[in-house]
Amino acid sequence: MLDGYDTLITTIALGAILAYSFHVVLMAGQLSLGQAGFASLAAYVSTLVVPTEPIAGSISPVIVGLPVGALVGAAAAFVVGLPVLRLRGVFLAIATIAFGEMVRVFMTNAEWTNGALGMRVEKWVTFDFAWIVVAALAYLFWRLGPSRTGRAFAAVREDELAASAMGVDVVRTRMASFIASGAIAGVYGVMFAYFFGRITPATFDFGLTVDGLVTAVLGGYLVFFGPVLGAGFLTAVPEVQTALGLEAGWIHPLVTGLLLLAVILFLPGGLSTLFARFRPKPARPEGDDAALDGLAPLPAKGEPIAAIRGLGKAYGAVRAVREIDLEIRSGDVLGVIGPNGAGKTTLINMISGLEPPTSGEGDVLGVALGSRPHRFAQAGVSRTFQHSKLFDRLTVLDNVLVGTHPVSRSTYLRRLLWLPSARRDERRALALAWAQLRRVGLDDRAHVRPGALSYGDQRRLEIARALASHPTLLILDEPAAGMNHVEAAELADLIRGLAEDGITVLLIEHNVKMVLATCTRLVVLNFGAVIAAGEPREVAADPQVIEAYLGTEDAEESEHV
């Protein structure tokens, strides 16, 4: 039935394999274009190890070259990634393009590769062998998606800053995606060489990179079989062109360009968007409150959890924070208020690891100030942001699932083997996420995306995501911004409930009435320095605070200042 179509079917498989090498970096929000270089290195090295005869009389000898090609591609990606992954966006793309061109020039001038003439090898790759490799890759990505690692990839893609605050090691996640891309590109290089029977440096040029990127973008990254969709669709275009008798060479690139433009404009997630829409609504597991039972106990009330001495932050000649001494004890609801520009957000950015201090010292839950943000999250610090940083292309439930990262275990390798422990851990994370959604009253909106929520609900979603990490210290940066007085009152009740549950809260808020009704202690900043600290009512009556911030001797008359 497939007579005469073997080459076409195998070409689709090879296109899908190449697209998967782009798919994995796009999942993590990276634009790496060095895959041609990884593929070239793997293809040439594989010729040194692949036998010239079938193994055991019938097994394709390429099976020896595939792990070698994957290892060569992964090792090259690691070495290249050490310097270039400090870059972002177009700069990362340019750096990886440069690597690919360096490899091509090197292979062209090396004697052992036979230079520009290339090398001939046996054609050991058949269409069934190629599709077995595609099926294996599709399986790997199918099991990756719902795992803790897959959620980390998605979080880094959506917002690196928010991902790091949720406990995701952004550097390690980006490197993991880069190494996986190199390994898959290496597999592609070996498959390509032993399908066409010839390797030349010109084969692995920038045109190959463009083809792989277009295929991956067209197929999309929202479902695990996106690269197969893209490869099948693009391979079918010239076949349809031939069937219609359109032989002009410009038609194929024109149609490909128009398809890519249409996808970018109308289907940003690629063709996979059409399938992602049919995902069923998530069902809440029974007994989600039980997920809280296995979590580590919070510190006893009154235990010190943060001690800061002489903390300062300067941006050149501008001193945003100066000489702040602060102690936070378990059970506190500590309010930090002050006029705009007083240094409040800069202070909590240093406490949560997003900003390194320029002076002073201290630690939060045993983590020294200046450490990377995911270390604070893993120690028990969670936060929201002044300007909401939700993952817009993830559902409400998936947003909160990302928040469980610090208190859940990696499940990907166990998911590949279908181990029961992986299912237990995923069910536990899911139950924890549902419990926090119910806590903030959003469990009935779990299936929608954040953009479909009101502004007040988005703020509540961000709190639910922060709570999903089971924090010891919860930092809320203006959580009542944009809320009406009813919503603000409900939020105040929620904060008091969190304090009763043993969660320490650090609150920045301009709603003075809410702060006075909620906080157990108050710190007032002005021009980066503490001008008053103590019991809320006493601080609010301080003449210096009234002059600098409240603006009236009757602080209770002003709700928002």
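Nothing here was measured: the structure is a model prediction, and the numbers come from that model.
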S181 (side chain) donor-acceptor with S177 (main chain) under 3.5 angstrom
no
For T472, which residues count as a side-chain contact (heavy atoms from CB on, under 4.5 Å) partner, sequence neighbours excluded?
L298, P299, I305, L365
A quick test of your reading: do over 12 heavy atoms of other residues, nucleotides or ligands sit less than 6.0 Å from CZ of R329?
yes
Could you go through the side-chain contact (heavy atoms from CB on, under 4.5 Å) check for L453 and L390 one step at a time?
CA-CA 11 Å; L453 301 177; L390 296 171; 5.7 Å; no
Is atom CZ of F527 surrounded by more than 12 heavy atoms (other residues, nucleotides or ligands) closer than 6.0 Å?
no
Within the distance-only criterion (no hydrogens, no angle test), does the side chain of S164 pair as donor or acceptor with the backbone N or O of H374 below 3.5 angstrom?
no
Is T404 close to Q436 at the side-chain level, that is, under 4.5 Å between some pair of heavy atoms?
no
Look at the rings of F141 and Y20 and say which category their plane angle falls in: under 30° parallel, 30 to 60° tilted, over 60° perpendicular.
parallel
Closer than 3.5 angstrom, by distance alone: can the side chain of S330 be matched with the main-chain N or O of E303 as a donor-acceptor pair?
no
From C519 SG over to M514 CE, what is the distance, rounded to the nearest 0.5 angstrom?
8.0 Å
Polar side-chain atom of E535 near backbone of E538 as donor-acceptor pair, under 3.5 Å
yes
Please assess M166 against S469 for the test side-chain contact (heavy atoms from CB on, under 4.5 Å), listing each intermediate value before the final yes or no.
CA-CA 8 Å; M166 295 301 106; S469 66; over 6 Å; no
Roughly how far, to the nearest 0.5 Å, is the CG atom of N349 from the CD atom of E355?
5.5 Å
Over all heavy atoms of both residues, which pair between F22 and S32 is shortest? Give the atoms and the distance, please.
CE2-O, 3.6 Å
Evaluate whether atom CZ of F233 has more than 12 neighbouring non-hydrogen atoms of other residues, nucleotides or ligands under 6.0 angstrom away.
no
So, for S21 and I184, which heavy atoms are closest and what is the spacing to 0.1 Å?
N-CG2, 3.7 Å
Whether Y139 side chain and L416 backbone form a donor-acceptor pair below 3.5 Å
yes
Decide if atom CZ of F91 counts as having more than 12 heavy atoms of other residues, nucleotides or ligands within a radius under 6.0 Å.
no
Atom pair CE/CZ of M27 and F224 - distance to nearest 0.5 Å:
12.0 Å
Do the non-hydrogen side-chain atoms of L467 and I503 ever get within less than 4.5 Å of each other?
yes
Do L525 and I324 have side chains that approach each other closer than 4.5 Å (heavy atoms only, starting at C-beta)?
yes
Tell me whether R309 at atom CZ has more than 12 heavy atoms from other residues, nucleotides or ligands lying less than 6.0 Å away.
yes
Search all heavy atoms of H447 against all heavy atoms of D444 and return the closest pair with its distance.
CE1-O, 3.8 Å
Do F385 and D159 touch side chain to side chain, with heavy atoms closer than 4.5 Å?
no
Could you check if a side-chain atom of R428 sits within less than 4.5 angstrom of a side-chain atom of L432, using non-hydrogen atoms only?
no
Main-chain N/O of A296 paired with H470 side-chain donor or acceptor, under 3.5 Å:
yes
More than 12 heavy atoms of other residues, nucleotides or ligands under 6.0 Å from CZ of R172: yes or no?
no
K313 side chain to P356 backbone, donor-acceptor under 3.5 Å
yes
Going by the salt bridge (Lys or Arg N to Asp or Glu O under 4.0 Å) test, which pairs reach into residues 138-151, not counting sequence neighbours?
R151-E426
Please report the C-alpha distance between V336 and L506 in whole Å, then the side-chain angles of each, then the deciding distance to 0.1 Å, and finally whether the side-chain contact (heavy atoms from CB on, under 4.5 Å) criterion is met.
CA-CA 7 Å; V336 179; L506 176 57; 3.6 Å; yes
When you measure from the side chain of R393 to the backbone of A154, do you find a donor-acceptor pair of N or O atoms at a distance under 3.5 Å?
no
Taken to the nearest 0.5 Å, the spacing of L213 CG from L218 CG works out to 11.0 Å
Considering residues at least two apart in sequence or located in another chain, which fulfil the side-chain contact (heavy atoms from CB on, under 4.5 Å) criterion with A529?
R322
Y412 side-chain N/O to L140 backbone N/O, donor-acceptor pair under 3.5 Å
yes
Show the nearest heavy-atom pair for residues V539 and G534, with the distance to one decimal.
CG2-N, 3.4 Å
N399 versus Q458: any side-chain heavy-atom pair under 4.5 Å?
no
side-chain hydrogen bond (donor to acceptor under 3.5 Å, both in side chains) pairs, two or more places apart, involving residues 332-345:
D332-R521, N340-H510, T345-Q386, T345-D477
Could you go step by step and tell me if L92 and L85 meet the side-chain contact (heavy atoms from CB on, under 4.5 Å) rule?
CA-CA 7 Å; L92 175 60; L85 284 183; 4.2 Å; yes
Closest heavy-atom pair, D392 versus R449, reported as atoms and distance to 0.1 Å, is O-CD, 3.7 Å
Counting C-beta onward and ignoring hydrogens, is there a side-chain heavy-atom pair between V364 and S352 closer than 4.5 Å?
no
Sorted by chain and residue number, the salt bridge (Lys or Arg N to Asp or Glu O under 4.0 Å) partners of D425 (sequence neighbours excluded) come out as R409, R414
Can you check whether V515's main-chain N or O pairs, donor with acceptor, with T518's side chain at less than 3.5 Å?
no
So do the side chains of Q544 and N526 get within less than 4.5 Å of each other, counting heavy atoms only?
no
What closest approach, in Å, do R157 and L26 show between heavy atoms, and which atom pair accounts for it?
CD-O, 3.4 Å
Per side chain to side chain contact (heavy atoms under 4.5 Å, CB included), L442 is matched among L437, I463, V400 by L437
Quick check for you: to the nearest 0.5 Å, what is the distance between E462 atom CD and S382 atom OG?
9.5 Å
Sorted by chain and number, sequence neighbours left out, salt bridge (Lys or Arg N to Asp or Glu O under 4.0 Å) with E160 holds for R88, R174
Kindly indicate whether a cation-pi arrangement holds for R383 with F376, taking the cut-offs as under 6.0 Å to the six-membered ring centre and within 45° of the axis.
no
Give, for atom NZ of K301 and atom CD of E500, the distance between the pair rounded to the nearest 0.5 Å.
10.0 Å
